[in-house]
A.B. asks: 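I have a structure here, written as structure tokens, and I will follow up with some questions on it.
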Amino acid sequence: MSPALTIRPYSEGALAQAAAKLRAGELVAFPTETVYGLGADATSDDAVAGIFAAKQRPSFNPLISHFPDRDAAARHAVFDDRADKLANVFWPGALTLVLPKRADSPISHLTTAGLPSIAVRVPAHDMARALLRAADRPIAAPSANRSGRISPTTAAHVAASLGDAIGMILDGGPCGVGLESTVVDLTTDRVILLRPGGITADQIAAVLGCDVILAQSDDDAPKSPGMLTSHYAPGLPVRLNATTPQKNEILLAFGQDCVTKGFDDVLWLSKTGDDREAAANLFALLHQADQTRFAAIAIAPIPDKGLGVAINDRLKRASAPRSATAES
Ligand code: AMP
Ligand code: MG
């Protein structure tokens with residue numbers, strides 16, 4: 001299924017090949033100053049679904065989009081004064097800003113896990129920035145390891161973990177930091193640390209001259225969104241494993257044997273029962289189905305294998321009672 005793995009030491013030629021692969025929707029692992037990232041075109045539903053397939057992630061948490069500079073990031077995210085101050089001081093560097101997503105941004109709904117916010121970062125690694133410039137599009141890049149494994153700081157680590165699932169590693173030698181980026185949420189008037197990292201809360205507070213709230217220690221602070229059970233539930237109720245229609249329902253259908261008769265409307269996650277196609281379509285179709293003329297969104301059964309695990313995890317959260325905030 002996957003192409004043979006190419007590991008190329010950094011050169012002009014390797015950079016051009018890696019950029020071409022990213023533009024073609026393929027996965028490329030590349031070095032940053034924190035860890036090796038598993039990159040894909042953040043505007044392509046299918047390419048981003050490939051990240052989740054390769055990592056075998058059991059859930060669709062939102063991914064960080066990487067840019068060569070602040071202005072490229074600002075084409076997709078709305079920067080306020082606080083964001084500009086932090087970008088001025090810490091970029092390029094190990095700081096990720098969660099900001100409101102621009103309405104006209106072509107970022108995939110899968111990259112942002114359907115959220116109205118986007119996480120953006122400019123890495124402090126010359127090869128990474130050269131690649132981002134050459135790819136000329138936002139690159140979604142979580143750490144280049146199988147889910148649950150240690151983050152990779154060398155090309156050999158990436159090859160050992162993902163070698164059979166990706167086509168290319170751009171080898172830039174060992175990463176310097178080895179720690180993942182600090183994630184700060186600036187989507188409200190508070191400053192919330194979603195993930196601690198190399199840049200500390202005190203450093204951020206000093207630049208902004210205000211308190212930084214730690215998401216884990218403050219019950220009022222929104223948790224990192226992937227952790228909330230009812231995170232990004234559609235407005236309509238969601239009914240799982242629907243095999244017979246109920247009144248005024250729209251169906252998200254899956255697979256050749258799916259029964260669609262009797263539903264008010266039908267949107268196909270995948271006609272052939274392809275888990276990757278369904279993952280790529282999931283958030284966009286949930287948005288599309290969420291219309292007040294229906295009473296509920298019914299979801300056809302989706303087998304719990306491959307990307308079906310992450311799809312079912314997300315759908316379970318979408319169907320959870322709206323007051324639920326339990327962690328998983
Ligand atoms: P990773 O890609 O594995 O390095 O992790 C990305 C981190 O950024 C996770 O902690 C996410 O919860 C967080 N993140 C990414 N996008 C968003 C977003 N749109 N809103 C809030 N947090 C985000
Ligand atoms: Mg990771």
Side-chain angles (χ1 to χ4, degrees), residues 1-3 18-30 32 35-67 72-73 75-77 96 98 101-102 104-121 123 128 131-132 135-147 158 162 165-169 180-181 183 224-226 231-232 252 269-270 274-288 302 306-315 317-318:
M1 180 197 113
S2 328
K21 280 182 180 292
L22 287 170
R23 282 197 302 271
E26 294 177 38
L27 302 180
V28 175
F30 64 95
T32 77
V35 300
Y36 271 75
L38 179 57
D41 178 350
T43 66
S44 161
D45 295 327
D46 180 65
V48 177
I51 289 180
F52 288 97
K55 283 183 67 86
Q56 299 176 349
R57 267 201 181 173
S59 59
F60 292 129
N61 30 0
L63 303 176
I64 298 167
S65 295
H66 295 73
F67 298 89
R75 288 201 279 277
H76 298 270
T96 295
V98 175
K101 183 178 76 166
R102 283 197 185 282
D104 60 356
S105 165
I107 287 279
S108 161
H109 284 302
L110 196 53
T111 302
T112 56
L115 292 163
S117 56
I118 177 173
V120 296
R121 179 167 105 81
L131 177 63
L132 294 168
D136 194 26
R137 64 203 54 209
I139 299 298
S143 56
N145 54 282
R146 284 253 142 87
S147 186
V158 180
L162 291 176
I166 64 176
M168 182 171 179
I169 304 173
E180 273 151 323
S181 64
V183 181
S224 203
H231 142 62
Y232 208 73
L252 297 201
L269 286 163
S270 167
D274 181 292
D275 58 339
R276 177 160 167 170
E277 185 186 5
N281 285 332
L282 178 66
F283 288 100
L285 293 190
L286 280 173
H287 272 282
Q288 207 178 316
I302 296 162
L307 281 171
V309 176
I311 293 171
N312 286 327
D313 169 79
R314 172 55 63 210
L315 289 171
R317 293 168 197 267

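From a predicted model like this one, the values you see are computed outputs, not experimental measurements. Sequential numbering from 1 along the given sequence is applied to the chain's residues.
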A.B. asks: So, do Leu132 and Pro123 sit near enough that their side-chain heavy atoms are less than 4.5 Å apart?
C.D. replies: yes
A.B. asks: For a 4.5 angstrom cut-off between non-hydrogen side-chain atoms, does Leu286 reach Leu252?
C.D. replies: yes
A.B. asks: Which distance, rounded to the nearest 0.5 Å, do you find between the CZ of Arg121 and the CD of Glu180?
C.D. replies: 9.5 Å
A.B. asks: List the atom of Arg314, the atom of Phe60, and the distance in Å for their closest heavy-atom pair.
C.D. replies: NH2-O, 3.1 Å
A.B. asks: Mind listing the closest non-hydrogen atom pair of Ser44 and Ala47 along with its distance?
C.D. replies: OG-N, 3.0 Å
A.B. asks: Might you point out which heavy atoms bring Gln56 and Ser147 nearest each other, and give the distance in Å?
C.D. replies: O-CB, 3.5 Å
A.B. asks: How far does CD1 of Ile139 sit from CG of Leu22, to the nearest 0.5 angstrom?
C.D. replies: 4.5 Å
A.B. asks: Of all the heavy-atom pairs spanning Phe67 and His76, show the shortest one and how long it is.
C.D. replies: CE2-CD2, 3.5 Å
A.B. asks: Please step through side chain to side chain contact (heavy atoms under 4.5 Å, CB included) for the pair His287 and His109, ending with a clear verdict.
C.D. replies: CA-CA 9 Å; His287 272 282; His109 284 302; 3.6 Å; yes
A.B. asks: Taking atom CG of Leu282 and atom CG of Leu307, what is their separation to the nearest 0.5 Å?
C.D. replies: 10.5 Å
A.B. asks: Using 0.5 Å steps for rounding, measure from the CD1 atom of Ile64 to the OG1 atom of Thr96.
C.D. replies: 3.5 Å
A.B. asks: Less than 4.5 Å apart, side chain to side chain, heavy atoms only: is that true for Arg57 and Leu63?
C.D. replies: yes
A.B. asks: Do Pro58 and Asp313 touch side chain to side chain, with heavy atoms closer than 4.5 Å?
C.D. replies: no
A.B. asks: Checking the side chain of Lys55 only, and the main-chain atoms of Ala144 only, is there a donor and an acceptor separated by less than 3.5 Å?
C.D. replies: no
A.B. asks: Indicate the atoms forming the closest heavy-atom contact of Ser270 with Glu277, along with that distance.
C.D. replies: OG-OE1, 2.9 Å
A.B. asks: Backbone N or O of Ala54 within a donor-acceptor pair of the Arg146 side chain at under 3.5 Å?
C.D. replies: yes
A.B. asks: Checking Leu315 against Ile302 for the side chain to side chain contact (heavy atoms under 4.5 Å, CB included) test, could you report, in this order, the C-alpha distance in whole Å, the side-chain angles of both residues, the deciding distance, and whether it holds?
C.D. replies: CA-CA 10 Å; Leu315 289 171; Ile302 296 162; 3.9 Å; yes
A.B. asks: Between CZ of Arg75 and CG of Asp104, what distance do you get to the nearest 0.5 Å?
C.D. replies: 11.0 Å
A.B. asks: Roughly how far, to the nearest 0.5 Å, is the CG atom of Asn281 from the CD1 atom of Ile311?
C.D. replies: 9.5 Å
A.B. asks: Applying salt bridge (charged side-chain N to carboxylate O under 4.0 Å, His left out) as the test, list every pair that has at least one member in residues 39-53; sequence neighbours left out.
C.D. replies: Asp41-Arg137, Asp46-Arg276
A.B. asks: Locate the shortest heavy-atom distance separating Ala77 from Ile118; write the atom from each residue and the value.
C.D. replies: CB-CG2, 3.7 Å
A.B. asks: Mark yes or no for whether Ser108, through its side chain, and Leu110, through its backbone, hold a donor-acceptor pair below 3.5 Å.
C.D. replies: yes
